[in-house]
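Working notes, structure below.
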Amino acid sequence: MSTILDFYKFIDKIAPFETQESWDNSGFLVGDGKRNVKKVLLALDVTESVLEEAEKIGAELIISHHPVIFGALKEFHPNNIAFLAAEKGIAVISAHTCLDIAEGGVNDCLASALELKNVVKVDDGEGLMRMGELENELSCEEFINHVAKKLNVGGIKYTPTEKMIKKVAVCGGSGGDLFDFAISAGADAYVTANIKHNLWIEIRRKGFCVLDAGHFCTENTVIEPLAKKLSEEFKDTEIIISEVSEDPARYWAK
């Protein structure tokens, strides 16, 4: 039977933890690596709801994208998610920026979800951005509808363009500050999230089409492909995608 450490080693193989950003905290964060695993739950974030789900289904391990422990812990009590996981005997492995840049990781999965063809890496200094082509040119409105449908997004902020869109750059999560690399690469549009106000002003001034499709929705695209890889590798373990993991934001439009 596979152990938690076996899962850690496999993830380290497909998304080496040593490639994570210096400020990140990916890795084996909670639990006993020697423990056997019969069920694994996958979720973008480890929330109280996800922990309750893991406990209910009897999962010994949660694999998340966002680290369950991020900044320095100065207190360790029931208000802390890592404390609750340890108390329930549920281990946590988190693969964050190492999974963002990995082959077949977040950004490749985002490109795939948007049905981009001929996908290549864009030299953005971090190894995050990908660029590919839509099967057919789309107007800005058509492209927004395409992204909303494929990513199941509740709302999209964007800068408009009259230009038809064919080449699309993507970077899941907080990639707003990389938009100039998308322009330099020849993209007609760029899909990312968490764009700051000052960047919107600069993007609009340059007349470039950028879509903020939300942090959760641009990164959650990696969960299903990751579950498939784990299922193929660990045939003696049940790999389950969380049913309660969700975008914490809600969207409203007048």
TODO: Please report the C-alpha distance between F179 and Y190 in whole Å, then the side-chain angles of each, then the deciding distance to 0.1 Å, and finally whether the ring-ring contact (aromatic ring centres under 6.0 Å, His included) criterion is met.
DONE: CA-CA 7 Å; F179 80 91; Y190 176 40; 7.8 Å; no
Task: Within 6.0 angstrom of K196 NZ, more than 12 heavy atoms from elsewhere - done: no
Task: Pairwise distance CD(E219) to OG1(T192) - rounded to 0.5 angstrom - done: 9.0 Å
TODO: Kindly give the heavy-atom pair with the smallest separation between L29 and S94, and that separation in Å.
DONE: CD1-OG, 3.6 Å
Task: Residue pair R204 / I201, side-chain heavy-atom distance below 4.5 Å - done: no
Open item on the list: Quick check for you: to the nearest 0.5 Å, what is the distance between E52 atom CD and L84 atom CG?
Closed with: 9.0 Å
TODO: Report yes if some heavy atom in the side chain of V30 is under 4.5 Å from a heavy atom in the side chain of I93; otherwise report no.
DONE: no
- [ ] To the nearest 0.5 Å, tell me how far I90 CD1 sits from E60 CD.
- [x] 9.0 Å
Open item on the list: Has K39 got a side-chain atom pairing as donor or acceptor with I57's backbone, closer than 3.5 angstrom?
Closed with: yes
Open item on the list: Are there over 12 heavy-atom neighbours, none belonging to E232, within less than 6.0 Å of that residue's CD?
Closed with: yes
Open item on the list: A quick test of your reading: do over 12 heavy atoms of other residues, nucleotides or ligands sit less than 6.0 Å from CD of E243?
Closed with: no
- [ ] State plainly whether the residues E233 and K229 are in salt-bridge range, i.e. N to O under 4.0 Å.
- [x] no
- [ ] Check whether any side-chain heavy atom of I239 lies under 4.5 Å from a side-chain heavy atom of L42, and answer yes or no.
- [x] yes
TODO: Begin with the C-alpha distance, continue with both residues' side-chain angles, and end with the deciding distance and a verdict on ring-ring contact (aromatic ring centres under 6.0 Å, His included) for H66 and H215.
DONE: CA-CA 11 Å; H66 295 131; H215 198 114; 5.1 Å; yes
Task: Heavy-atom check, side chain of R130 versus side chain of V120, under 4.5 Å - done: no
Open item on the list: Using modelled atom types and a 3.5 Å cut-off, is there a donor and acceptor pairing between side-chain atoms of D124 and backbone atoms of M129?
Closed with: yes
- [ ] Mark yes or no for whether S112, through its side chain, and D108, through its backbone, hold a donor-acceptor pair below 3.5 Å.
- [x] no
Open item on the list: Quick one: does any side-chain atom of S64 pair with a main-chain N or O of P67 as donor and acceptor, under 3.5 Å?
Closed with: no
Task: Linked, directly or transitively: F208 and Y158 (ILVMFWY side chains, under 4.5 Å) - done: no
Open item on the list: Quick check on the hydrophobic clustering: are W200 and V153 connected, directly or via other members, by side-chain heavy-atom contacts under 4.5 Å?
Closed with: no
Open item on the list: Any non-hydrogen side-chain atom of L128 less than 4.5 Å from a side-chain atom of L178?
Closed with: yes
- [ ] With rounding to the nearest 0.5 Å, note down the distance linking CD1 in I62 to NZ in K88.
- [x] 10.0 Å
Task: Residues E115, K150: salt bridge by 4.0 Å N-O rule - done: yes
Task: E142 atom CD: more than 12 heavy-atom contacts under 6.0 Å - done: yes
- [ ] Output yes when a side-chain donor or acceptor of D12 lies under 3.5 Å from a complementary backbone atom of P16, and no otherwise.
- [x] no
Task: Shortest non-hydrogen separation from A85 to V92 and the atoms involved - done: CB-CG2, 4.1 Å
Task: From CD1 (I156) to CG (N145), nearest 0.5 Å - done: 8.0 Å
Open item on the list: Strictly distance-based, threshold 3.5 Å: is any side-chain N or O of T3 a donor or acceptor partner for the main-chain N or O of R35?
Closed with: no
Open item on the list: For N194, is there any backbone N or O sitting under 3.5 Å from a side-chain donor or acceptor partner on D212?
Closed with: yes
Open item on the list: If hydrophobic clusters are built by linking Ile, Leu, Val, Met, Phe, Trp and Tyr wherever their side-chain heavy atoms come under 4.5 Å apart, do F70 and L44 end up in the same one?
Closed with: no
- [ ] Would you check if I203 and I195 make a side-chain contact, meaning some heavy-atom pair closer than 4.5 Å?
- [x] yes
Task: Nearest heavy-atom neighbours spanning L99 and H65 - done: CD2-ND1, 4.0 Å
Task: Presence of salt bridge, K166 and D188, under 4.0 angstrom - done: no
Open item on the list: With side-chain contact (heavy atoms from CB on, under 4.5 Å) as the criterion, how do E21 and H96 come out once you've worked through the C-alpha distance, each side chain's angles and the decisive distance to 0.1 Å?
Closed with: CA-CA 9 Å; E21 296 286 348; H96 189 207; over 6 Å; no
Task: Closest heavy-atom pair and its distance - K167, E133 - done: CE-OE2, 3.9 Å
Task: Value rounded to 0.5 Å, distance of CG in L151 from NE2 in H146 - done: 8.0 Å
Task: Polar contact flag, side-chain donor to acceptor under 3.5 angstrom, S26-D24 - done: yes
Task: Donor-acceptor contact present, side-chain T97 to main-chain D100, <3.5 Å - done: no
- [ ] Using the six-membered ring wherever Trp is involved, compare the ring planes of Y8 and F17 and label them parallel, tilted or perpendicular (cut-offs 30° and 60°).
- [x] parallel
TODO: Please report the shortest heavy-atom distance between T237 and S2, naming the atom on each side.
DONE: OG1-CB, 4.1 Å
- [ ] Give a yes or no answer on whether the side chain of N25 reaches the backbone of I69 with a donor-acceptor pair at less than 3.5 Å.
- [x] yes
- [ ] Could you check S139 against M164 for side-chain contact (heavy atoms from CB on, under 4.5 Å), going step by step and ending with a plain yes or no?
- [x] CA-CA 5 Å; S139 68; M164 295 298 287; 4.2 Å; yes
Open item on the list: Would you say CG of D123 has more than 12 non-hydrogen atoms from neighbouring residues, nucleotides or ligands within 6.0 angstrom?
Closed with: no
TODO: Mind running side-chain contact (heavy atoms from CB on, under 4.5 Å) on I101 and N107 for me, showing each step along the way?
DONE: CA-CA 7 Å; I101 67 173; N107 291 301; 5.8 Å; no
Task: D45 side chain vs T47 backbone, donor-acceptor pair below 3.5 Å - done: no
Open item on the list: Under a 4.0 Å threshold between the charged nitrogen and the carboxylate oxygen, would K121 count as salt-bridged to E103?
Closed with: yes
Open item on the list: Using side-chain heavy atoms (C-beta onward) and a distance below 4.5 Å, is I63 in contact with I11?
Closed with: yes
Open item on the list: Could you walk me through whether E224 and L226 satisfy the side-chain contact (heavy atoms from CB on, under 4.5 Å) test, starting with their C-alpha distance in whole Å, then the side-chain angles of each, then the deciding distance to 0.1 Å, before giving a yes or no?
Closed with: CA-CA 5 Å; E224 189 171 329; L226 179 58; over 6 Å; no
TODO: Flag the pair D236 and K38 as a salt bridge only when some basic side-chain nitrogen lies within less than 4.0 angstrom of an acidic carboxylate oxygen.
DONE: no
Open item on the list: Between L110 and F143, is there shared hydrophobic-cluster membership here, with clusters defined by ILVMFWY side-chain heavy atoms closer than 4.5 Å?
Closed with: yes
Task: For I4 against A91, the heavy-atom pair lying closest together - done: CD1-CB, 3.4 Å
